[in-house]
Every structure is written in C-alpha cells, then in structure tokens.
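Because the structure is predicted, anything quoted here is derived from the model rather than measured.
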Amino acid sequence: MGLATETQFHVLAVDDSLLDRKLIERLLKTSSYHVTAVDSGSKALEFLGLNEDSEEHRDSNPTSISPDHHRHDTEVNLIITDYCMPGMTGYDLLRKIKESKSFKDVPVVIMSSENVPARINRCLEEGAEEFFLKPVQLSDVNKLRPHLMKGRVNDDQLNNKRNDMEEIHSHDRTKTRYNNGLEVL
C-alpha cells in the first residue's frame, strides 16, 4: 500500500462517533498511516498507558478498540481526537497528554463539527498542532505529515546526540585518542 513499515507513522484516532471514527481511520489508512481507533478519551489514555486502573476502565467494552490495537508495543506518532465526546472532551485528553512525560511531544490534532473560535484558540494555546473542522477530508490529513516529520526529526536528533555521546565516552575511542597522542621516545 505504500510506505515501508519503518517509515510508516502510527496515529491514534479518538472519536465517539462510529461513522466519524471509520471516516478518519479510512482517510489515514489511505495516506499509508498505521491507525489505532478508540471511541473515548479514557480508552485513548488506557491505550497509551496513562490511566489508573479504575472500575470504569476495567468494565469497559474491549471491542470498541480497533483490532490494530497493540498497546505499548507500537510507538504513537500522532493523536487525532474529536473535541466533543461524553466523559472526557478532546481538550481534556489534550491536556492529559501534554502533562505526561512520555507523550508530551506527540503532536495532537483536535477535530470538531462546531466552529467555535474560543474553543479553537484554547486548544491551540494548550498545545494542539491543528484544529480540523468536520467532516475531515483528505486535504486535512495531508497537513499532518509536517507535524509527524518534525517529531521524527527531533527523535533522530536525540538519537544522534545519544550515539555521539556514547562514541565520545566509549573506552576504545578514548584509548585510541590517548594512544595516538603519545610519541614514543
């Protein structure tokens, strides 16, 4: 279908409406994204491992998480969520994600069928990368790639810095640098 597995991005899609969830899932898969779709903010937090085991979560219907669901085995590169959902709004989910240590740098996109400027501004100020009006279209999905690439570049830079530090501090490199600097008299 397109991109190799190593370059395929994983998107967590959150929407309480089955129709909207299937639409966004299809658009994302058409654009070669790996998608996990859940029907609530609490299930998104459960998937990410950010919730405490409460009775509400233990009694929840496991079939509302799509079969692509792999929990922590798969890195999530972007989260796209509906704003207006029962229980936990997309704004609440956004705040919990941005407050977490492990997911604060993951781009979050909010979707809504209501064009409310104050709501849009509040989400963008809280850290949302984009705010899409529903119905989401392929042109909207195409706007996601720069946010994903920015995250990938940051990850690559972090890994390169780590590798550079390991190389600098490795015993063999230190030994070589030391030995090359000595003159035998």
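Residues passing the side-chain contact (heavy atoms from CB on, under 4.5 Å) test with Leu27 are Leu23, Val136, Leu138, Val141, sequence neighbours excluded. With sequence neighbours left out, Ser113 forms a side-chain contact (heavy atoms from CB on, under 4.5 Å) with Lys134. Remark: Tyr33 pairs with no residue by the side-chain hydrogen bond (donor to acceptor under 3.5 Å, both in side chains) rule, at least two apart or across chains. Considering only residues two or more places apart in sequence or on other chains, Glu99 meets the side-chain contact (heavy atoms from CB on, under 4.5 Å) condition with Arg95. Scanning for side-chain hydrogen bond (donor to acceptor under 3.5 Å, both in side chains) contacts around Glu126 gives Tyr91, with sequence neighbours left out. In this structure Lys98 satisfies the side-chain contact (heavy atoms from CB on, under 4.5 Å) test together with Leu94, Val108, sequence neighbours excluded.
Once rounded to the nearest 0.5 Å, the distance linking CG of Leu45 with CG of Leu12 reads 9.5 Å. Note: Ser31 OG to Phe9 CZ = 12.0 Å, rounded to the nearest 0.5 Å. The distance from atom OG of Ser42 to atom NZ of Lys96, rounded to the nearest 0.5 Å, is 10.5 Å. The structure places OG1 of Thr81 at 5.0 Å from CG of Leu93, a figure rounded to the nearest 0.5 Å.
Minimum interatomic distance between Pro107 and His147 (heavy atoms only, all atoms of both residues): CG-O, 3.7 Å. Smallest separation of non-hydrogen atoms from Asp39 and Arg21: CB-NH1, 3.0 Å. Nearest heavy-atom pair, Gly41 versus Val14, reported as atom, atom and distance to 0.1 Å: N-CG1, 3.9 Å. Taking all atoms of both residues into account, the shortest heavy-atom contact from Glu25 to Ala37 is OE1-CB, 3.8 Å. The minimum heavy-atom distance between Pro86 and Asp16, with the atom names listed, is CD-OD2, 3.3 Å. The heavy-atom pair separating Ile110 from Ala128 by the smallest distance is CG1-CB, 3.9 Å.
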TODO: Decide yes or no on side-chain contact (heavy atoms from CB on, under 4.5 Å) for Glu75 and His10, but give the supporting numbers first.
DONE: CA-CA 7 Å; Glu75 178 187 2; His10 182 206; 5.9 Å; no
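With no hydrogens or angles considered, a side-chain donor-acceptor pair links Asp92 and Thr89 at under 3.5 Å.
A salt bridge between Lys143 and Glu130 is absent, with no side-chain N of the basic residue lying under 4.0 Å from a carboxylate O of the acidic one.
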